[in-house]
Amino acid sequence: MRALARLAVTTLMVAAPVAAVTVATTANAAGDPAPITVLTSDFEDGTSQGWTGRSAETIASSTAVAHGGTRSLAISGRTAAWQGPSHDVLGTFEKGTAYTISAWVRMESGSDSARLSVERRTGEVAAYDQVVGNTAVISGGWTNLTGRYTLATDVDFLRIYVETASTTGSFYLDDVTASYVPSLPIQTDIPAVKDVVPEFPVGAAITGAEIIGDHGSLLKRHFTSVTPGNALKWDATEPTENTFSYAQADPLIAFAETNGLAIRGHTLVWHNQTPSWVFTGADGQPMTATAEDKELLLARLENHIRNVAGHYGSDIGVWDVVNEVIDENQADGLRRSTWYTVAGLDYIRTAFRVAREVLPDAKLFINDYNTNVPAKRDKLYNLVAQLRAEGVPIDGVGHQMHINVSWPSIAETEAMIEKFAPLGVEQQVTEMDVSIYTNSSETFPAPPADRLLQQAYVYRDMFALFREHASEITSVTLWGLADDNTWLDTFPVTRKDAPLLFDTRLQAKPAYWGVADPSKIGTSPSPSVSSSPSSSPSSSPSAGSSTCAVTYRVTGSWPGGFQGDVKVANTGTAAISGWKLAWRFAGGQQVAQLWNGSVAQSGADVTVTNASWNGAIAPGGTASFGFLGSATGGNPAPAAFALNGTNCAVL
Ligand code: 9MR
């Protein structure tokens, strides 16, 4: 066994969300006590140290390769990808404690992906919780799998195991540990958020782990509303056609009811976390825009809503009926999801109509991210205005508010609220979190104090704004309870983030004080107030008057990221000798990597300076560069560019 460094941000991919557990990366914040290790397997004693195969595969200590020492565990004779080594942790793992599990894996030959999971059983019912998603493994070296797992239910069977994604190749396992950092009692001598913010319910998104032990106490103490973060989504509630499951959601709903918390239902219709059968036609083929497929899709939608919304009835007072349907890059503003391509706008009409029929008294919401970005905000506004004019029963607009310490400005956020006010809809902040990162390349082993303070000012100013607008804003929900369980640990890249009011040990952060008592965090203004630094292009110039022209193209995109290509043309009569091109990313995009130039980004403002070989642009000549960027929501093209301080035509 070699000592494992537990301080670094770990590599982890979380794929499907799992039932009633917390899954997240971990990084010990400075000052945390040493972890307590509850399981160590180094295989140095020549035995398999309690590891057995999940089936009839062969498990044996081996000297062929070792991560540490001279031995590892060899797994061979596998006849299915799910077969692999497994170890009992029943009686080792306690409910409500977050364990960090680390294992090293290496293929005997070739390559595959490996993942680490927990199998738990209660009575005859088995569940499989993924702790570390598919991670590339090779024969030439060791790959670490590390993730965090919190058991949230009573079980009579509990084993951790490793499997591969596709092949049945032999592999090795070594240096497995499971450990936890002892928890701290929650603070009972600080004001409750719900008491200092009486204007509207303040909520937290929760999984099974947030309702037990200290997490449950913290939740009850500070919050008046909850949103099940994954448990009500289609993949959890109707994994196979017409077979409904409330196993994940029921305990959360029961907790909320017992403790008098309001419940936001999230979400009835989304393009993510929806099983593929939903979009598979009667012929077994992916649905297309035929009348037959549309009819089947809308029937499935209606059946889903009647069952899920009907199961909870009036217990859930607010539903995100549809989620993330806007794509501001489409002329009509509508996301080209399968929902849309098969059923057009009728899927939204049907969803609201059926939800209203089932729940005459519930508030029905349309929910989206980046609703502060004017292009997206306006498309959402247009859609809601159109549908309400048709009589579609949309009661409210949900602003997710996944933001960061330097974006967006308070002014832009206020403009967002004011935009929707004339529609007469309720508005709710539904998924707020404030990342400490301003681009995809930053990684901190522990949250720096200045970022935590910046974050506190953002929370202070945003909550002040929401409270001023309490006649429009009827609820504010944070996307998580504490920093120990946040989706931002794996998005847009894997690194430890700290976007919430309470830290990984459930203690109040400066962000909490920004909400609860801003006098405790000093008087510095929020850095998010200013959104228009002077280096940025001021407005879109007219094509005829400038001496430069910029062509900006997105040449590829994928969830969370994109590739951009930029060409700068010298349309003047004088040679350019050295250039700087500036623009603003209005959608929160961040440049992660850039070639044929060097980049600096501060908040939304990007400046690219020529490389040594492309600084000279003769009249009529061009220079080009490319980059990889992250886009957490929409990816609007910059509206204007300035070359050496002069606005360019945009082609
Ligand atoms: O918090 C959710 C996370 O556990 C899931 O892995 C993720 C991907 O489907 O969805 C997260 O919740 C999303 C929410 O449902 C809609 N807005 C964006 C949220 C963060 O991705």
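In this chain, numbering begins with 1 at the start of the sequence shown. Here the structure is a predicted model, which means the values were calculated and not measured.
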Geometric class of the Tyr459/Phe463 ring pair [parallel <30°, tilted 30-60°, perpendicular >60°]: tilted
Tyr552 side chain near Val554 side chain, heavy-atom distance below 4.5 Å: yes
Gln273-Trp234 side chain donor-acceptor pair, cut-off 3.5 Å: no
Pair Arg553 + Asp565, salt bridge at N-O below 4.0 Å: no
Side chain Arg377, main chain Thr371, donor-acceptor under 3.5 Å: no
Approximate separation, where rounding is to 0.5 Å, of Glu426 CD and Lys363 NZ: 4.5 Å
Side chain to side chain, Arg467 and Met462, heavy atoms closer than 4.5 Å: no
Trp479/His266 aromatic ring centres below 6.0 Å: yes
Donor-acceptor pair, side chain of Gln455 and main chain of Ala498, under 3.5 angstrom: yes
Side-chain donor or acceptor of Thr280 paired with backbone N/O of Val278 under 3.5 Å: no
Sidechain-backbone polar pair: Asp503 side chain, Lys509 backbone, donor-acceptor under 3.5 Å: no
Aromatic contact, Phe279 with Trp339 (centres under 6.0 Å): yes
Separation of Met287 CE from Thr290 OG1 (nearest 0.5 Å): 8.0 Å
Contact check, side chains of Val599 and Thr607, non-hydrogen atoms, under 4.5 Å: no
Arg115 side chain to Thr135 backbone, donor-acceptor under 3.5 Å: no
Salt-bridge contact Asp605-Arg584 (side-chain N to carboxylate O under 4.0 Å): yes
Pair Tyr437-Phe444, ring pair (Phe, Tyr, Trp, His ring centres under 6.0 Å): steps then yes or no: CA-CA 9 Å; Tyr437 298 106; Phe444 306 128; 5.1 Å; yes
Arg300 side chain vs Trp277 backbone, donor-acceptor pair below 3.5 Å: yes
Nearest-0.5 Å distance, CG of residue Leu500 to CG of residue Leu478: 6.5 Å
Nearest heavy-atom neighbours spanning Leu481 and Ala204: CA-CB, 4.3 Å
Derivation of the side-chain contact (heavy atoms from CB on, under 4.5 Å) call for Asp235 and Thr274: CA-CA 5 Å; Asp235 58 352; Thr274 303; over 6 Å; no
Where Pro518 and Val515 come nearest, the two heavy atoms and their spacing: CD-O, 4.4 Å
Lys379 and Asn382 side chains, donor-acceptor separation under 3.5 Å: no
Which pairs would a plain distance check flag for residues 617-636, meaning a side-chain donor or acceptor within less than 3.5 Å of a matching protein atom at least two apart in sequence or in another chain?
residue: Ser630; atom: OG; partner: Ser440; partner atom: OG; Å: 2.8
residue: Asn635; atom: OD1; partner: Gln589; partner atom: NE2; Å: 2.7

Donor-acceptor contact below 3.5 Å, side chain Gln386 vs main chain Arg388: no
Test item: Thr413 side-chain N/O and Ser409 main-chain N/O as donor-acceptor pair under 3.5 Å: yes
Non-hydrogen side-chain atoms of Met401 and Glu431 separated by less than 4.5 Å: no
Gap separating the OG1 atom of Thr438 from the CD atom of Gln454, nearest 0.5 angstrom: 8.0 Å
Side-chain donor or acceptor of Arg495 paired with backbone N/O of Thr490 under 3.5 Å: no
Evaluation steps, side-chain contact (heavy atoms from CB on, under 4.5 Å), between Val429 and Thr477: CA-CA 6 Å; Val429 174; Thr477 293; over 6 Å; no
Considering all heavy atoms, the nearest Val425-Ile394 contact: CG1-O, 4.1 Å
Side-chain donor-acceptor pair present, Ser435, Asp497, cut-off under 3.5 Å: yes
Qualifying residues under salt bridge (charged side-chain N to carboxylate O under 4.0 Å, His left out), relative to Asp378, sequence neighbours excluded: Lys419
NZ/NE/NH1/NH2 to OD/OE distance under 4.0 Å, Asp320 and Arg264: yes
Side-chain donor-acceptor contact under 3.5 Å, Asp112 with Ser166: yes
Under 3.5 Å side-chain donor-acceptor pair for Gln590 and Glu442: no
Any side-chain donor near an acceptor of the partner, Thr646 and Asn644, under 3.5 Å: no
Shortest non-hydrogen separation from Ala639 to Val650 and the atoms involved: O-CG2, 3.8 Å
Parallel, tilted or perpendicular: rings of Phe420 and Tyr381 (30°, 60°): tilted
Side-chain touch Leu232/Thr267, heavy atoms, less than 4.5 angstrom: no
Modelled atom types, side-chain donor and acceptor of Gln428 and His399, under 3.5 Å: no
Candidate pair Phe641 and Cys548, rule side-chain contact (heavy atoms from CB on, under 4.5 Å), full reasoning: CA-CA 9 Å; Phe641 295 85; Cys548 52; over 6 Å; no
Nearest non-hydrogen partners of Val269 and Ala351, listed with the distance: CG2-CB, 3.9 Å
Separation of Asn439 CG from Phe585 CZ (nearest 0.5 Å): 11.5 Å
Test log, rule side-chain contact (heavy atoms from CB on, under 4.5 Å), inputs Ile366 and Leu380: CA-CA 9 Å; Ile366 182 169; Leu380 175 61; 3.9 Å; yes
4.5 Å side-chain heavy-atom contact, Val325 and Trp270: no
Spatial distance of atom CG (Asn485) from atom OG1 (Thr207) [nearest 0.5 Å]: 5.0 Å
Step-by-step side chain to side chain donor-acceptor pair (under 3.5 Å) determination, Asn323 to Gln400: CA-CA 10 Å; Asn323 191 38; Gln400 292 186 4; 3.1 Å; yes
No-hydrogen, no-angle side-chain donor-acceptor test under 3.5 Å, Asn372 and Glu412: yes
pair Ile348-Leu387: side-chain heavy atoms closer than 4.5 Å: yes
Minimum heavy-atom distance Pro638-Trp583, with the two atoms named: CG-CD1, 3.3 Å
Student check: side-chain heavy atoms of Leu297 and Tyr347 closer than 4.5 Å: no
Test item: Tyr457 side-chain N/O and Ile521 main-chain N/O as donor-acceptor pair under 3.5 Å: yes
Side chain to side chain donor-acceptor pair (under 3.5 Å) between Asp346 and Tyr340, worked out: CA-CA 8 Å; Asp346 283 345; Tyr340 180 82; over 6 Å; no
